[in-house]
Visitor: 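The structure's right below; bear with me while I get my questions together.
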Amino acid sequence: MRQDIARNYEEAKKQYASHGIDVDQVLAELSDIKISIHCWQGDDVRGFLFRDQELSGGISVTGEYPGAARTPEELRADLTKAMSMIPGTHKVNLHAIYADTDESVDLDQLEPRHFQKWVDWAKEQGIGLDFNPTCFSHDKSKDGFTLSHPDPEIRQFWIDHCKASRRIGAYFGEQLGQTCVTNIWVPDGYKDVPVDRLAPRQRLKDALDEIFAEELNPAWNLDAVESKLFGIGSEAYVVGSHEFYMGYGMRNNKLICLDAGHFHPTEGIAGKLSSLALFTDGILLHVSRPMRWDSDHVVIMDDELLEIGRELVRNHLLHTTHIGLDFFDGSINRIAAWVIGTRNTIKALLRAKLEPTEKLKQAELEGDYTTRLALMEEFKSYPFGAVWDYYCEKMGVPVREEWLAEVKRYEQDVLLKR
């Protein structure tokens, strides 16, 4: 342990201890939190099943930074490198198009064996895997509809794909001993104002009912459903709205996914957490950073991220909330994007844990809003950075911006040679 880091940490501990905060205990709790790191940042959401298929479903990745992963082996190597610079042991989130197989297989025919190399790698890394059916970038999704498609044959294709995805998720959970969250998102919607808003939602509900009819061990697989406000090509109407999935999730005991970029541009998801927590057994988060629209920028430690962290900590929601990342930026080093976004998410949780939550709640309960505001503001300048540096050093990952030099070396030695 570097002496300057240890010395700064001991001084920070004293300051936090004066408010009853046990920093050692905070770091022990932090090390148990798993962030689900999304694989699709590493190759601009191309996947490996249909490499020549153009992105669709309102998804767009901009930028031509060199070094995007071209094969499953390259993507796993990049993820391994990124995780070596992130404190803690986490998970990796896969989409169905990332199957690692030499077979020519369509989405509705996918089986666990097509992901065996991912499972073997996850075992080596000691991590868990999450999963998502890929209901976009496919010939059968080109008209903008999947699970709510009016053509029963096309709709059945997507139903079968989602069924297969749940079985793959359960296999991940069984093999790795960590519950897999399998999340369903579909881009279905109309570009202009529809006449019938009900029928597509009825079809989506019936499709989901069929998908979830097969009972799977919840210790292996948990199902989630994800809404969206609008997308490119579905500006006027999205079938799977927040209200639709909130109702469906509550009635059918499914995790409701809140994606930070899937609501109005000025609408944050932090305030939704306490409401959902009262009526659900769990929540899935997709932590992203929208800019102008659902543009999925790399997560920074902004006000919204800090508020999400505070809501999770203050309301004791971490044990029932699954935290995943969802951004894709092709304009910067993709490994750096993972490191920045994941480290910031962990930092936000740490900062929330280093607040005198019970003292703040008591002041609020007593109507002492002066104390509440004063403490909340003063704690913004408490020595959080010293605690973060110590945590990184203790967990064997680079301190502060030291990780950037390692990313640059990897870029020269590996990425630029692709």
Side-chain angles (χ1 to χ4, degrees), residues 1-35 85-90 268-271 273-274 277 283 285 287 299-321 323 339-403:
M1 176 69 66
R2 285 156 46 180
Q3 289 187 354
D4 60 328
I5 292 176
R7 182 173 58 251
N8 292 341
Y9 177 68
E10 290 302 322
E11 182 59 34
K13 278 178 62 176
K14 294 176 185 177
Q15 295 185 49
Y16 285 111
S18 67
H19 288 277
I21 300 169
D22 185 339
V23 180
D24 289 331
Q25 180 62 33
V26 164
L27 294 186
E29 294 171 356
L30 190 68
S31 66
D32 290 333
I33 298 172
K34 295 180 183 296
I35 308 297
M85 292 173 275
I86 298 167
T89 303
H90 301 284
I269 66 171
L273 295 170
S274 56
I283 299 169
L285 291 185
V287 182
V299 171
I300 62 174
M301 199 160 56
D302 57 7
D303 289 344
E304 173 64 5
L305 182 64
L306 290 170
E307 280 303 305
I308 290 171
R310 291 184 182 116
E311 284 293 299
L312 293 174
V313 171
R314 290 172 179 172
N315 298 308
H316 308 289
L317 300 180
L318 283 169
H319 67 290
T320 56
T321 302
I323 306 172
V339 177
I340 293 168
T342 312
R343 283 172 67 118
N344 278 334
T345 302
I346 301 168
K347 284 181 187 178
L349 296 172
L350 174 58
R351 283 189 62 169
K353 283 180 168 290
L354 291 174
E355 290 183 348
T357 298
E358 295 309 314
K359 188 175 292 187
L360 290 168
K361 286 184 176 180
Q362 186 62 34
E364 184 171 273
L365 189 63
E366 295 172 355
D368 186 357
Y369 304 140
T370 303
T371 295
R372 180 185 66 180
L373 180 59
L375 286 178
M376 288 173 65
E377 290 305 299
E378 289 300 329
F379 262 79
K380 290 178 180 178
S381 58
Y382 262 58
F384 147 79
V387 178
W388 172 252
D389 291 347
Y390 177 86
Y391 182 61
C392 289
E393 179 86 349
K394 181 181 178 182
M395 300 300 285
V397 303
V399 176
R400 304 191 194 106
E401 70 278 7
E402 292 172 358
W403 62 266

Visitor: Would you say Arg351 and Phe379 make side-chain contact, with heavy atoms under 4.5 Å?
Guide: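 In short, these two side chains do not touch, never coming nearer than 4.5 Å.
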Visitor: In Å, rounded to the nearest 0.5 Å, how long is the span from CG of Asp368 to CG of Leu373?
Guide: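 Answer for the CG-CG pair, Asp368 versus Leu373, is 10.5 Å.
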Visitor: Does the side chain of Ile323 come within less than 4.5 Å of Leu312's, by heavy atoms?
Guide: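 SC-SC contact between Leu312 and Ile323 confirmed.
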Visitor: With Asn315, which residues qualify under side chain to side chain contact (heavy atoms under 4.5 Å, CB included), at least two apart?
Guide: Ser274, Glu311, Leu317
Visitor: Between NZ of Lys347 and CD1 of Ile300, what distance do you get to the nearest 0.5 Å?
Guide: 11.5 Å
Visitor: Are any non-hydrogen side-chain atoms of Tyr390 and Leu27 less than 4.5 angstrom apart?
Guide: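 The answer is yes; the side chains approach within 4.5 Å.
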Visitor: What pairs of residues pass the ring-ring contact (aromatic ring centres under 6.0 Å, His included) test when at least one of them lies in residues 345-375, not counting sequence neighbours?
Guide: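 As it turns out, there is no ring-ring contact (aromatic ring centres under 6.0 Å, His included) pair with a partner in residues 345-375 once direct neighbours are skipped.
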Visitor: Using the rule given for side chain to side chain contact (heavy atoms under 4.5 Å, CB included), can you reason through Thr320 versus Ile283, listing the C-alpha separation, both sets of side-chain angles and the distance that settles it, and then say yes or no?
Guide: CA-CA 7 Å; Thr320 56; Ile283 299 169; over 6 Å; no
Visitor: Can you give me the closest heavy-atom contact between Pro87 and Ile346, atom names plus distance?
Guide: O-CD1, 3.6 Å
Visitor: Restricting to ring-ring contact (aromatic ring centres under 6.0 Å, His included), what partner residues turn up for Tyr391, sequence neighbours left out?
Guide: none
Visitor: Please step through side chain to side chain contact (heavy atoms under 4.5 Å, CB included) for the pair Ile35 and Val287, ending with a clear verdict.
Guide: CA-CA 10 Å; Ile35 308 297; Val287 182; over 6 Å; no
Visitor: How long is the span from the OG1 atom in Thr342 to the CD1 atom in Ile86, to the nearest 0.5 Å?
Guide: 4.0 Å
Visitor: How far does CD of Glu402 sit from SG of Cys392, to the nearest 0.5 angstrom?
Guide: 9.5 Å
Visitor: Kindly list each side-chain donor-acceptor pair under 3.5 angstrom involving residues 354-361, sequence neighbours excluded, with atom names and distances?
Guide:
residue: Glu355; atom: OE1; partner: Arg314; partner atom: NH2; Å: 3.0
residue: Glu355; atom: OE2; partner: Arg310; partner atom: NE; Å: 2.8
residue: Lys359; atom: NZ; partner: His19; partner atom: ND1; Å: 3.2
residue: Lys361; atom: NZ; partner: Arg314; partner atom: O; Å: 2.6

Visitor: With Arg400, which residues qualify under salt bridge (charged side-chain N to carboxylate O under 4.0 Å, His left out), at least two apart?
Guide: Asp389
Visitor: Looking only at heavy atoms, which two atoms of Ala270 and Ile308 are closest? And how far apart?
Guide: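 Heavy atoms only, the tightest pair is CB-N, 3.8 Å.
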Visitor: Under the salt bridge (charged side-chain N to carboxylate O under 4.0 Å, His left out) rule, collect the residues that match up with Glu377, sequence neighbours excluded.
Guide: Lys380
Visitor: What I'd like to find out is whether the side chain of Leu273 reaches to under 4.5 Å of the side chain of Leu285, using heavy atoms alone.
Guide: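 A side-chain contact under 4.5 Å exists here.
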Visitor: Got a second to check how far Ile340's CD1 is from Met301's CE, nearest 0.5 Å?
Guide: 12.5 Å
Visitor: Where is the tightest heavy-atom contact between Met1 and Ala6, given as atom of each residue plus distance?
Guide: CG-CB, 3.7 Å
Visitor: Could you walk me through whether Asp4 and Arg7 satisfy the side chain to side chain contact (heavy atoms under 4.5 Å, CB included) test, starting with their C-alpha distance in whole Å, then the side-chain angles of each, then the deciding distance to 0.1 Å, before giving a yes or no?
Guide: CA-CA 5 Å; Asp4 60 328; Arg7 182 173 58 251; 3.7 Å; yes
Visitor: Answer yes or no: is there a side-chain heavy-atom contact under 4.5 Å between Pro383 and Glu11?
Guide: no
Visitor: Evaluate the side-chain proximity of Lys353 to Ile33: yes if any heavy-atom separation is below 4.5 Å, no if none is.
Guide: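 Yes, their side chains come closer than 4.5 Å.
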Visitor: What pairs with Gln362 under side-chain hydrogen bond (donor to acceptor under 3.5 Å, both in side chains), at least two apart in sequence or on another chain?
Guide: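 Testing Gln362 for side-chain hydrogen bond (donor to acceptor under 3.5 Å, both in side chains), a comparison that skips the adjacent residues, returns Glu366.
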Visitor: Identify, with sequence neighbours excluded, every residue that meets side-chain hydrogen bond (donor to acceptor under 3.5 Å, both in side chains) alongside Glu378.
Guide: none
Visitor: Tell me every residue that passes salt bridge (charged side-chain N to carboxylate O under 4.0 Å, His left out) with Arg343, counting only those two or more places apart in sequence or in another chain.
Guide: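 Scan of Arg343 (salt bridge (charged side-chain N to carboxylate O under 4.0 Å, His left out), adjacent residues dropped) gives none.
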Visitor: Under the salt bridge (charged side-chain N to carboxylate O under 4.0 Å, His left out) definition, can you give me all pairs with a residue in residues 14-24, not counting sequence neighbours?
Guide: Lys13-Asp24
Visitor: In the structure I gave you, are the side-chain heavy atoms of Leu350 and Phe384 within less than 4.5 Å of one another anywhere?
Guide: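 Sidechains of Phe384 and Leu350: in contact.
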Visitor: Residues two or more places apart in sequence or in another chain: which of them pass side-chain hydrogen bond (donor to acceptor under 3.5 Å, both in side chains) with Glu401?
Guide: none
Visitor: Any donor and acceptor pair, going by atom type alone, linking the side chain of Asn344 with main-chain N or O of Val299 inside 3.5 Å?
Guide: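 Yes; at least one donor-acceptor contact below 3.5 Å.
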Visitor: Can you list everything that forms a salt bridge (charged side-chain N to carboxylate O under 4.0 Å, His left out) with Glu364? Sequence neighbours excluded, please.
Guide: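 Glu364 satisfies salt bridge (charged side-chain N to carboxylate O under 4.0 Å, His left out) with Arg372 once adjacent residues are dropped.
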